[in-house]
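Below you'll find the structure, written out as structure tokens, and then a few comments.
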Amino acid sequence: MCKLELKDGSIIEVEKGTKNIDVVKKISEGLARNTACIQFNDEIQDVQKEVNADGKFTVITLDEPAGLKVFWHTSSHILAQAVTRLFPDVLLTIGPATDNGFYYDFDIKQNFTEEDFIKIEEEMKKIVKEELAITYFELPREEALKQVKDNPYKVELINELPKDAVISFYKQGDFVDLCAGPHLNNTKHIKAFKIMSSTGAYWRGSEKNKMLNRLYAISFPKANMLEEYITKREEALKRDHNRLGRELEIFTTAEQIGQGLPLLMPNGARIVQLLERFVEDEEQRRGYVLTKTPFMAKKDLYELSGHWQHYKDGMFILGDEQKEDEVFALRPMTCPFQFMIYKASQKSYKDLPIRYNETSTLFRNESSGEMHGLTRLRQFTLSEGHLVVRKDQLEEEFRGVVDLIYFMMKTLGIEKDVTYRFSKWDPNNKEKYLDMPEAWESAENEMRKILDALKINYIEAVGEAAFYGPKLDIQFKNVHGKEDTIITVQIDFALAEKFDMYYMDSDGSKKRP
RNA sequence: GCUCUUAUAGCUCAGUCGGUAGAGCGUUACCUUGGUAAGGUAGAGGUCACGGGUUCGAUUCCCGUUAAGAGCUCCA
């Protein structure tokens, strides 16, 4: 017998080898119908897996996000099965659940059309009606490779699994897919689904790889839930800033002016004016000093900052390097300009911290597919600050910045709608990041300490840092559920060095801020 | 940059199976009203994004350009 501790603390005993789903049925039939998977101690398991030891037994239902993800993952297999039936020459790649449904990436010659969506949905309906049992099996590496030998994508996935990894497959009818699971135990549970869109996506997320065809879809255990979802989505789209902005005459665009260059109409300009005054006044109250710096500079400045070497393609360059002595570039950021103000006079340790702020208009030559509404542009204006601090002031100043951010978000009423992301470097990506492991570690530890002290509820993200330092990113979801960074605070341990910034310490020695 | 989609009145959209166009909102004038984003009447407003091709004829079909949308990649 195995002793299982349930969520409410009670214990039930079951025979060794009892299936998870049968354990749940003992608790309640209704609960069993609504079960997506089981958490046994820390392990997420299929409902069909057998109980073999004592432990904590938690039922994860379709009503909770983790359960819905299992549901969507199973849905993605049904989508893949339907596509395989209709397009036998397709190669399957991956098909995970997302926060907002699921997708599956296919390597297929033709592109999916709207008519294909209908056909695929019809085929999915059939698969659901067939009530196919979903079964799990494992294979040793050699056999697993044999199983997927005609699919180079799956071969690649298996070859990248660690040596001791369990290689598992799920089977429903004649359809088999390499998959870590977990899954529901039958296709019959997927009552309502809809293919939302077809887009391109690079294999493994790298533009160097082949572009695959991705189908985005959504599914629910009940038909009315799908209807609700669609209605909600339509309502959300009506609140798209891009649509409202034009309807309310806040901004417009003109073909002749160009991509990523919106025109703020009187209503929009007034909003920006009020925000700008408000922000600058509040910053002044908090000890910031305002600067006004040029919109462009000679390339010499960007060579010093490293942007000429790293981000030349992203800048608008004025003049031809080959023909002219002086070449300028529109500024893509304000840091080096404000640093020049810092360097204009000798600073004492008593002068720090110095808090520079500027309502900065910046120019970035974004790729043509990137521009959108007012959120990603070639010319944009943001409220920007650079704090030059001593090491012993870092924590307090960081807190001050976070406090300012809280104040601003509260004023705008968005403080409950954001999430926090602690963006760290990727030590394996030497091209993107400055190769200074010790400096990274120290800066990231410093930032983590501060974030923890502030009790900020953040997620950590590897490979999202700036090239010169870690960031606290404040993320906001748009009406499509896509996250944008609306505010970012960064600890920069490199540019002070590059710009040879220093202050005279109390002992008369030069120190780096 | 890549995949897919779109471009008709100021905005949101219909429409023309190829014979040069319509609605709602907005707007203008007048009337009315303590109907306050929602009254009535009349009107203005469109080379159907731009360039080329096919055709007797293109806003409609095809190609290209530009712009807009979703996704991917990128985001100093």
Side-chain angles (χ1 to χ4, degrees), chain A residues 93 98 100-101 103 105-114 116-117 195-217 233-234 237-238 240-262 265 301-302 305-315 329-336 360 362-378 380 382 384 386 423 429 431-434 463-469 471 473 478-485 488 490 492 494-495 498:
Chain A
T93 68
T98 65
N100 216 5
Y103 65 81
D105 285 347
F106 303 96
D107 182 358
I108 186 169
K109 279 195 189 100
Q110 65 271 47
N111 293 309
F112 295 113
T113 62
E114 302 256 330
D116 291 332
F117 288 11
I195 298 172
M196 305 304 289
S197 64
S198 155
T199 72
Y202 299 107
W203 166 240
R204 317 220 80 177
S206 168
E207 62 183 331
K208 291 179 186 124
N209 292 337
K210 185 168 182 183
M211 180 160 274
L212 308 168
N213 280 288
R214 173 174 297 178
L215 288 178
Y216 279 95
R233 191 164 166 276
E234 280 166 3
L237 290 179
K238 285 183 196 160
D240 187 344
H241 88 278
N242 203 1
R243 179 170 173 162
L244 282 178
R246 290 167 201 269
E247 284 178 8
L248 298 174
E249 299 191 348
I250 287 167
F251 75 97
T252 186
T253 51
E255 264 184 45
Q256 298 85 341
I257 289 173
Q259 266 193 307
L261 298 168
M265 301 166 86
L301 183 74
Y302 306 112
S305 67
H307 289 89
W308 196 258
Q309 296 84 332
H310 288 293
Y311 291 103
K312 196 173 162 192
D313 290 346
M315 288 198 283
L330 295 177
R331 65 174 182 194
M333 30 74 227
T334 311
C335 344
S360 309
L362 304 177
F363 305 85
R364 295 180 182 181
N365 193 3
E366 302 284 3
S367 308
S368 66
E370 306 299 350
M371 269 77 75
H372 164 73
L374 290 182
T375 60
R376 189 86 181 263
L377 302 168
R378 287 198 165 135
F380 57 97
L382 54 78
E384 186 170 15
H386 292 95
S423 298
N429 191 342
E431 275 178 36
K432 186 170 171 186
Y433 297 107
L434 296 174
E464 292 289 345
F467 80 95
Y468 50 72
K471 308 191 284 179
D473 290 321
N478 71 13
V479 290
H480 296 102
K482 189 177 170 181
E483 267 190 12
D484 292 308
T485 301
T488 177
Q490 316 177 346
D492 177 346
L495 285 179
K498 283 194 173 176

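All of these numbers come straight from a predicted model, not from anything done at the bench. Lettering of chains follows the sequences in order, A, B, ..., and the numbering in each one begins at 1.
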Collect all protein-nucleotide pairs involving nucleotides 5-14 of chain B in which both atoms are nitrogen or oxygen and the distance is under 3.5 Å.
none

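Close to B:G69, at under 4.0 Å from its OP1 or OP2, lies a side-chain N or O of A:Asn242. The phosphate of B:A68 has OP1 or OP2 within less than 4.0 Å of a side-chain N or O from A:Gln259. In terms of phosphate contacts, A:His372 brings a side-chain nitrogen or oxygen within less than 4.0 Å of OP1 or OP2 of B:A70.
The salt bridge (charged side-chain N to carboxylate O under 4.0 Å, His left out) check on A:Asp105 picks up A:Arg214, with sequence neighbours excluded. Every residue two or more places apart in sequence or in another chain was checked for a side chain to side chain donor-acceptor pair (under 3.5 Å) with A:Lys432, and none qualifies. Applying the salt bridge (charged side-chain N to carboxylate O under 4.0 Å, His left out) criterion to A:Asp492, with sequence neighbours excluded, gives no partner residue. Residues that satisfy the salt bridge (charged side-chain N to carboxylate O under 4.0 Å, His left out) test with A:Glu370, not counting sequence neighbours, are A:Arg376. Taking A:Ala329 as the reference, A:Tyr302, A:Trp308, A:Met315, A:Ile317 meet the side-chain contact (heavy atoms from CB on, under 4.5 Å) condition, with sequence neighbours excluded. Contacts of A:Arg204 classified as side-chain contact (heavy atoms from CB on, under 4.5 Å), with partners at least two apart in sequence or in another chain: A:Glu156, A:Leu157, A:Glu160, A:Asn209. Listed by chain and residue number, nothing satisfies the salt bridge (charged side-chain N to carboxylate O under 4.0 Å, His left out) test with A:Lys498 (two or more places apart in sequence, or in another chain). For A:Glu207, the side-chain contact (heavy atoms from CB on, under 4.5 Å) partners two or more places apart in sequence, or in a different chain, are A:Tyr202.
A gap of 12 Å separates the P atoms of B:C48 and B:U8, to the nearest Å. B:U41 and B:U5 have their C1' atoms separated by 43 Å, with the value rounded to a whole Å. B:C72 sits 29 Å from B:C11 when the P atoms are compared, rounded to a whole Å. To the nearest whole angstrom, the two C1' atoms, one in B:G45 and one in B:G22, are 13 Å apart. Taking atom P on both B:A44 and B:A29, the two are 15 Å apart, rounded to the nearest angstrom. Taking the P atoms as reference points, B:A42 lies 14 Å from B:C25, given to the whole Å. On the P atoms, B:U60 is 46 Å away from B:U36, given to the nearest whole Å.
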Below 3.5 Å, can you tabulate the donor-acceptor pairs from side chains in residues 250-258 of chain A to any protein atom, sequence neighbours excluded?
{"residue": "A:Thr253", "atom": "OG1", "partner": "A:Arg246", "partner atom": "NH1", "Å": "3.0"}

Original post:
How would nucleotides 71-76 of chain B be written as a contact map, 5' to 3', with B for base contact, S for sugar-phosphate-only contact and - for no contact, using protein heavy atoms under 4.0 Å?
Top reply: BBBBBB
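In terms of modelled atom types and a separation under 3.5 Å, the side chain of A:His241 and the main chain of A:Leu374 share a donor-acceptor contact.
With respect to the salt-bridge test (charged N to carboxylate O, under 4.0 angstrom), the residues A:Glu247 and A:Arg243 qualify.
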**OP:** Return one dot-bracket line describing RNA chain B 5' to 3' (Watson-Crick or G-U wobble pairs, both distances under 3.5 Å; ( ) same strand, [ ] crossing, | another strand, . none).
**Re:** (((((((..((((.....[..)))).(((((.......))))).....(((((..]....))))))))))))....
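No engagement by A:Met196 is indicated, since no non-hydrogen atom pair under 4.0 Å with the nucleic acid exists.
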